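Chain A is the first sequence line, chain B the second, and so forth, proteins listed ahead of strands; every chain is numbered from 1. None of the values given here were measured: they were computed from a predicted structure.
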Protein chains: 2
Amino acid sequence: MEFKEAKNKFVQTWGALGSQWGINKTMAQIHALLMVSNEPVSMEDIMEELQISRGNASMNLRGLMDWGIVYKEFKAGERKEFFTAEKDLDELAVKISRERSKREIKPTLKILKEVSTIEAKDSAEEKHFVDQTSKLYDFVLKADNMLDKMTEFNDNWLGKLFIKMMK
Amino acid sequence: MEFKEAKNKFVQTWGALGSQWGINKTMAQIHALLMVSNEPVSMEDIMEELQISRGNASMNLRGLMDWGIVYKEFKAGERKEFFTAEKDLDELAVKISRERSKREIKPTLKILKEVSTIEAKDSAEEKHFVDQTSKLYDFVLKADNMLDKMTEFNDNWLGKLFIKMMK
DNA sequence: TTAAACTTTCAAAAATAATTGAAACTTATT
DNA sequence: AATAAGTTTCAATTATTTTTGAAAGTTTAA
């Protein structure tokens with residue numbers, strides 16, 4: 001397999017994976033493209049490589065920047081903007097976790113708390129509901145904290161050691 | 001908030017969360033409904049509660065069973081089928097991890113391996129591509145193994161201890 | 001201040017994914 | 001073996017999401 005083919009395969013695969021995880025295909029593809037580019041890429045080049053419109057490129061780049069995993073760069077003497085992706089994978093994982101926690105997990109926890117604290121009367125049905133949603137609340141909270149701890153882990157030696165154990 | 005309202009809120013929320021994670025809304029809603037039901041639910045009841053067609057219910061129940069997180073049950077004397085969800089959350093997490101690994105991570109790893117092992121010639125561009133995709137391969141492999149280990153963890157005391165530490 | 005270079009926005013169009021419903025199929029009962 | 005009770009399948013429809021492209025907006029330079 002030669003370079004161009006491999007690059008294309010990678011971009012396509014990453015895009016397809018994105019769809020399965022609720023990230024739109026183009027956004028994932030742009031991210032993939034930037035990840036494997038050794039230097040900043042202009043919007044023109046992205047449009048050209050992925051065969052997408054200017055509007056599409058613009059909106060998805062904005063989305064990626066909102067996630068904090070793609071940055072604008074300015075090249076001396078050049079008027080137009082260039083883009084680069086966060087290439088440190090640990091850092092990437094941290095940013096994605098933090099953002100998903102903020103956007104999705106925290107709001108879900110709030111609602112789980114609400115519904116799990118209703119008056120359960122005496123019916124088995126209602127009791128089970130309260131019991132199950134409480135467990136779910138605890139579980140999601142635990143998982144969320146765990147991710148948080150793991151991301152902090154990257155900064156301390158004990159964490160690094162533990163992560164090594166996991167391999 | 002009273003029971004019916006809370007239940008509905010929970011089902012809706014779980015459905016919306018599903019969409020964001022690449023699971024279709026109805027599938028997530030059916031799962032939510034079964035999770036908080038203290039006894040098996042018939043297809044009729046699911047259709048009625050979620051206001052969906054028979055075909056829709058059937059296909060999504062099949063999907064949930066393929067994930068191994070919903071089971072068919074037979075009630076003595078009853079002709080029709082009933083359904084229940086896996087209610088043990090640790091077990092649920094294990095099943096989802098295993099299945100996503102099998103369906104999505106493993107195939108992705110295969111492709112990452114392929115594209116990261118091309119001949120890199122001498123250009124900086126190609127070198128960077130190989131370097132970055134190799135790192136990605138290692139990272140995804142590590143994460144995949146980690147999930148695996150964690151799911152096994154539930155069975156041993158060291159793991160339980162560690163998980164306690166994480167809270 | 002004007003014009004050129006470039007980016008963003010958003011309504012409309014296109015593409016994709018989910019849903020319906022009725023026919024085909026399966027299984028149990030008489 | 002015929003019928004009834006229930007389930008699955010899938011082509012057609014509907015709903016949702018993504019993409020386009022042109023107008024509006026911004027920034028820089030002359």
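Taking 4.0 angstrom as the limit, A:Lys72 places a side-chain polar atom (N or O) nearer than this to OP1 or OP2 of C:dT8.
Ion pair A:Asp66/A:Arg62 flagged as a salt bridge, since at least one NZ, NE, NH1 or NH2 atom sits closer than 4.0 Å to an Asp/Glu carboxylate oxygen. Salt bridge absent: A:Glu44 and A:Lys80 never bring a charged side-chain N and a carboxylate O closer than 4.0 Å. Using a cut-off of 4.0 Å between Lys/Arg side-chain N and Asp/Glu carboxylate O, B:Lys127 and B:Asp131 are scored as not salt-bridged.
Between A:Met47 atom CE and D:dT20 atom P there is a gap of 9 Å when expressed in whole angstrom units. Rounded to an integer number of Å, the gap from NZ of B:Lys75 to C1' of D:dG6 is 16 Å. We find that CG of B:Asp66 is positioned 10 Å from P of D:dT9, with the value rounded to whole Å. If you measure from atom CZ of A:Arg62 to atom P of C:dT7, you get 12 Å, rounded to the nearest angstrom. In this structure, A:Phe83 places its CZ atom 11 Å from C1' of C:dC6, rounding to the nearest Å. To the nearest angstrom, P of C:dT8 lies 13 Å from CG of A:Leu64. At whole-Å resolution of the value, CG in A:Leu50 and P in D:dT20 are 10 Å apart. Atom pair A:Lys80:NZ and C:dA4:P shows a separation of 18 Å (rounding to whole Å applied).
Taken to the nearest 0.5 Å, the CD atom of A:Glu91 stands 11.0 Å off from the CD1 atom of A:Ile96.
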(request) Go along nucleotides 18-30 of chain C 5' to 3' and tag each nucleotide: B for a protein heavy atom under 4.0 Å from its base, S when only backbone or sugar atoms are that close, - otherwise. (result) SSBB-----BB--
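Partner of B:Leu33 under the side chain to side chain contact (heavy atoms under 4.5 Å, CB included) criterion, chosen from B:Asn8, B:Ile46, B:Asp45: B:Ile46.
The side-chain tip of B:Arg103 points at the ring of B:Trp67 from less than 6.0 angstrom away and within 45° of straight on.
Remark: the backbone N or O of B:Arg54 is not paired with any side-chain donor or acceptor of B:Ser58 at under 3.5 angstrom.
Annotation: proximity of residues 28-46 of chain B to DNA chain D (heavy atom, distance under 4.0 Å) is found for B:Met43, numbered in ascending order.
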(request) For B:Asn60 and B:Thr26, run side-chain hydrogen bond (donor to acceptor under 3.5 Å, both in side chains): C-alpha distance rounded to whole Å, both residues' side-chain angles, the deciding distance at 0.1 Å, then the answer. (result) CA-CA 7 Å; B:Asn60 282 301; B:Thr26 302; 4.6 Å; no
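Under the 4.5 Å side-chain criterion, counting only non-hydrogen atoms from C-beta, B:Met43 is not in contact with B:Glu81.
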